[in-house]
Structures are given as structure tokens and as C-alpha cells.
Visitor: 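So that we are looking at the same thing, I have put the structure below in C-alpha cells.
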Amino acid sequence: FSLMRAVLWRPLPYPEPDRIVVIQVDARNVSNAGATNQELIGLQERSRSLEQISTIEQVDANLEYAGEMEHVAAANISDDFLPLLGARPVLGRMPHSRSDAGQQQTFAILISDELWRRRFSADPSVIGKSVRVNDLDVEIAGVLPPGFHLFLPTSVDDSEHIDLWIPVRIDRTIPYRGVPLLARLRPGVTLGRANADLEALATQFQRDYPDLYFGSKAWQASPFDLKSGANVHFTARTLQADMTREVRPALFLLAGAVGFVLLIACVNVANLMLARGSSRQRELEIRRALGAGRSQILRQLLTESLVLAAAAAAIGLLGARLALEAIAHQNAWHIPLQSRIEMDASVTLFALVLALAATVLFGLFPAWRQASAKLGSALHAGRSETAGSGTRRLQRVLVASEVALSIVPLVCGGLMLRSFLNLLHSPLGFNPVNVVTARVPIDSRRYPKFEQRWSLFRDLLDRVRAIPG
């Protein structure tokens with residue numbers, strides 16, 4: 001419940017998050033190929049259904065300040081990106097590409113609250129100070145508010161925390177595809193209307209710029225667009241739906257399996273309570289003989305069931321907390337919105353309601369049978385009776401139900417395990433055994449020329465090859 005609530009049900013922490021959409025661009029039968037800068041500018045100029053159409057590109061950056069260099073997460077953003085998410089600086093101003101970004105260099109940046117506190121000791125006078133980013137002098141224009149997280153699909157950006165926000169100019173002459181697009185629905189515009197508008201714009205683009213999509217001289221197109229018969233399609237999805245569309249079926253399947261396990265446990269406990277009731281017949285008959293009514297005995301038995309369910313809920317909450325910590329420790333990238341997965345009052349309330357429901361559904365019937373039983377020979381004989389034929393028949397039905405319920409999650413678990421093993425052994429087109437990757441940030445001040453950097457890489461490769469094993 002904690003996982004599904006954080007991923008599927010809680011709204012994103014942005015103003016009117018249901019209006020924020022991700023625009024998927026399919027080109028030449030390549031799904032999610034991304035847009036070109038020309039298409040981005042064209043949508044900004046022509047779309048009547050969308051506003052604040054923007055883009056982001058995650059980049060690596062080396063920040064140098066007070067003689068210390070640090071590798072930080074950064075992002076190149078268009079002017080409307082942060083306003084799209086409702087982010088405004090708490091200190092300073094919002095940089096703009098027209099005044100703060102040139103063709104080859106940025107002059108002003110935004111920094112995160114965490115970086116401001118970590119590297120600049122939360123000094124308010126940091127606004128206007130100069131730092132070096134990738135060996136270029138830039139000015140700190142503003143500081144974003146604390147707790148701002150970036151929640152985007154992994155196809156757009158896989159980092160929830162960005163330290164440097166760099167404004168960039170959108171150059172329509174850059175000839176490559178792959179630009180992610182985000183936008184906001186205009187007030188009163190539905191998602192269906194926006195998609196119809198995008199389809200019409202795609203047709204217009206192909207009609208107005210035939211060389212871009214069909215011609216051999218398509219200087220603004222990617223290699224995907226250089227052959228005849230090329231086309232482009234735009235599809236808008238809400239941000240949260242796009243983030244969760246791959247994991248949503250798996251989460252519901254997992255929830256279904258958990259539900260079956262809960263049913264099996266409840267049927268098992270109900271069976272055990274019936275068996276225990278047989279050994280308590282003498283006690284209950286003594287209570288009835290002393291004047292206890294059916295409702296009093298029923299309340300006692302239900303209270304015992306509720307205590308059992310409450311203890312199970314407490315253990316379940318503890319197990320859930322440990323499991324969520326394990327998920328966070330593993331940093332499972334395929335689970336979106338991980339920083340929002342937590343246990344709070346809503347989760348505790350859900351556990352208590354679930355415990356109460358289990359008590360009513362599976363504790364009421366055994367309690368009713370025991371409270372409604374007539375005075376029998378157990379009291380006269382001075383010992384408890386064995387279970388009657390009706391109780392034994394009911395226990396057999398419960399055992400059969402338990403076995404039947406267990407078949408479904410067992411089969412599903414086997415199929416999921418088989419699918420997982422098939423995925424592990426599916427051919428990748430290369431041998432991944434012992435293959436490793438590494439990022440090597442280069443100090444462009446020490447290696448300003450391309451030849452120097454290539455020489456560094458060749459020397460690095462030679463040294464790696466010389467390592468034994």
C-alpha cells in the first residue's frame with residue numbers, strides 16, 4: 001500500500017499536476033525518438049492546446065569554488081521548464097536564456113538549496129558571486145527552494161536531485177533528434193483535444209517542411225528522417241501516467257498476489273480459531289451457566305480476534321518499514337518516485353482498518369458459532385468435547401478453500417519466476433560478462449585541445465589493459 005500510494009495515487013508536488021504532460025515523439029517507426037529543436041520551436045509557436053512547452057537535458061558538471069572542485073548533477077533547461085513545475089527562486093532571480101546564455105557559454109545559473117547550504121554555508125550574499133562550471137566563469141543568479149525534487153520519466157531524466165540549473169538557448173539549426181518535450185495543458189483543454197491538436201500540427205510540419213522529413217537534404221533531421229516515407233507523431237500523456245505506465249501493471253499484479261496471501265492467512269487463522277473453540281467449550285459453557293449472554297461471549301471472542309489482528313498489523317508495519325528501507329538501499333531505478341515512498345499516518349490507518357476488516361470477516365463466524373452453541377455434555381462431563389461433525393465439516397471446507405486460494409498465487413509466482421529467468425537469459429547482441437563502464441570527467445583547463453584529451457584516454461586505456469586480470 002505504501003508503494004502503490006506513493007507511485008500511483010499521490011499527486012505530484014507541482015501546481016495542478018494533472019495538466020502537466022509529456023509529449024512522446026515517434027519518428028520513422030522509432031518509438032520515443034525525441035523531437036528536434038525545430039519541432040520544439042514549432043510547437044511553442046503554433047500549439048493552441050499547450051503552453052510552457054519546454055525541455056531538459058541532464059549533463060555532468062564540475063563546480064569549482066574557493067579552490068575546491070566538485071562533480072555535481074546539472075541540467076540544461078529551456079526558459080519555461082522551471083515555471084512549468086512551479087519552481088521559483090527563494091533567493092535571487094530566475095535566469096533567462098536571452099540575457100544569461102550565449103551561443104557557446106552560459107553567464108548565470110540557478111543552484112539547489114542543498115548545494116547552497118553545503119558549499120556556500122547558506123550565505124545570502126552568494127547571489128551575484130562568480131563560480132567556475134566546466135572551467136567557465138558563471139554567476140549565481142538564484143537559489144531554488146528547499147525540498148524541490150525533479151520527478152520525470154526515466155526517458156527524460158532519471159535524477160530526482162539537480163544541483164545546477166543552466167539556461168540554454170534553443171537553436172533550431174541543430175540537426176539532431178532526441179529532445180524530450182514537456183508542457184502544460186491550457187485551462188479547459190482536455191488531453192484528447194491536445195492530442196488531436198498535436199496530430200494536426202504533425203501533419204502541418206510534414207507539409208510545411210518536406211525536406212526535413214522526406215528529402216535527402218534534410219539538414220535539420222536526424223538519420224531516422226532521411227529516407228522516403230518518413231513521418232512523425234506526437235502523443236501527450238499526463239506526467240504521472242507516463243512515469244508509472246510501465247510499473248503500473250506489475251504493481252497491481254503484486255497487490256493481487258499480496259491479497260491472495262492475506263486471504264490464505266485469514267482462512268488459516270479462522271480454521272485455527274474453530275479448532276481452538278472446540279477446546280474452550282467447557283470455559284464458554286461455564287460462562288453461559290453463570291449468566292453470560294450470547295452478545296457478551298461474542299464480544300469477548302471478537303476482542304480476542306481483534307487483539308490478534310492488531311498484533312499482526314503491528315508486525316506487518318514493522319516488516320513493511322524494513323522492506324521499504326531495503327528498496328531505498330537498493331536504489332531500484334525502475335521504481336519511480338522513490339523519495340516519496342514512506343510510511344505515514346495514512347499507511348498506519350490503512351493497516352488498522354485492514355486489521356478490523358479481517359477481524360469482522362474472518363473472526364465473526366467462528367465467534368458466532370461458539371457463542372451460539374447450546375449447553376452440551378462438556379459441562380456435565382467436566383472436560384471439553386471434541387469438535388462436532390458440523391465443526392469438522394466446516395474445518396474441512398476452510399482447508400479446501402485455503403488450498404484452492406494458494407494455487408492462484410503459486411501458479412502466478414511460478415510464471416513470474418519463469419519470465420524473470422527468461423529475461424535474464426535473453427540475448428542482448430553482445431556478451432555482458434565482465435563488461436564495466438566508467439565516466440571520466442575531463443578538466444578542460446588542463447586539456448583544452450581535443451588531441452590532448454584523446455591522448456589522455458589512450459594512455460588511460462593502456463594503463464587499464466596493463467592491470468592483471
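Numbers here simply count residues along the sequence, with the first being 1. Given the structure is predicted, the values throughout are model-derived calculations rather than measurements.
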Visitor: Using a strict 4.0 Å threshold on nitrogen-to-oxygen distance, state whether E51 and R19 make a salt bridge.
Guide: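 Salt bridge present between E51 and R19.
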Visitor: List the steps, then state whether salt bridge (Lys or Arg N to Asp or Glu O under 4.0 Å) holds for D344 with R10.
Guide: CA-CA 13 Å; D344 54 13; R10 284 182 63 190; 5.1 Å; no
Visitor: What are the two closest heavy atoms between Q240 and P11, and how far apart are they?
Guide: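 Heavy-atom minimum between the residues: OE1-CA, 3.8 Å.
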Visitor: Can you sort out the partners of R245 under salt bridge (Lys or Arg N to Asp or Glu O under 4.0 Å), two or more places apart, ordered by chain and number?
Guide: D242
Visitor: Locate the shortest heavy-atom distance separating L43 from I53; write the atom from each residue and the value.
Guide: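 Closest heavy-atom pair between L43 and I53: O-CD1, 3.4 Å.
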Visitor: Output, in order, the C-alpha distance, side-chain angles, deciding distance and verdict of salt bridge (Lys or Arg N to Asp or Glu O under 4.0 Å) for D462 and R458.
Guide: CA-CA 6 Å; D462 290 338; R458 284 188 299 182; over 6 Å; no
Visitor: Closer than 4.0 angstrom, basic N to acidic O: yes or no for R193 and D197?
Guide: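 Judged by the 4.0 Å cut-off on N to carboxylate O distance, R193 and D197 do not form a salt bridge.
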Visitor: Could you check L84, I77, V168 and say which one makes a side-chain contact (heavy atoms from CB on, under 4.5 Å) with I56?
Guide: I77
Visitor: When you check the side-chain N and O atoms of D123 and S121, is any donor under 3.5 Å from an acceptor?
Guide: no
Visitor: What are the two closest non-hydrogen atoms of D79 and S97, and how far apart are they?
Guide: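 Answer, listing the atom of D79 first, then S97: OD2-OG, 2.7 Å.
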Visitor: Compare every heavy atom of Y65 with every heavy atom of R119, then report the nearest pair and how far apart it is.
Guide: NH2-O, 3.0 Å
Visitor: Assess the side chains of E64 and N62: does a donor N or O sit below 3.5 Å from an acceptor N or O?
Guide: no
Visitor: Return the set of residues passing ring-ring contact (aromatic ring centres under 6.0 Å, His included) with F151 (not counting sequence neighbours), or none when no residue passes.
Guide: H149
Visitor: With a 4.5 Å cut-off on side-chain heavy atoms, are L82 and L110 touching?
Guide: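 The answer is yes, as the side chains (C-beta and beyond) meet within the 4.5 Å cut-off.
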Visitor: Taking only residues two or more places apart in sequence, or in another chain, which ones meet F1 in a ring-ring contact (aromatic ring centres under 6.0 Å, His included)?
Guide: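 Applying ring-ring contact (aromatic ring centres under 6.0 Å, His included) to F1 gives F350.
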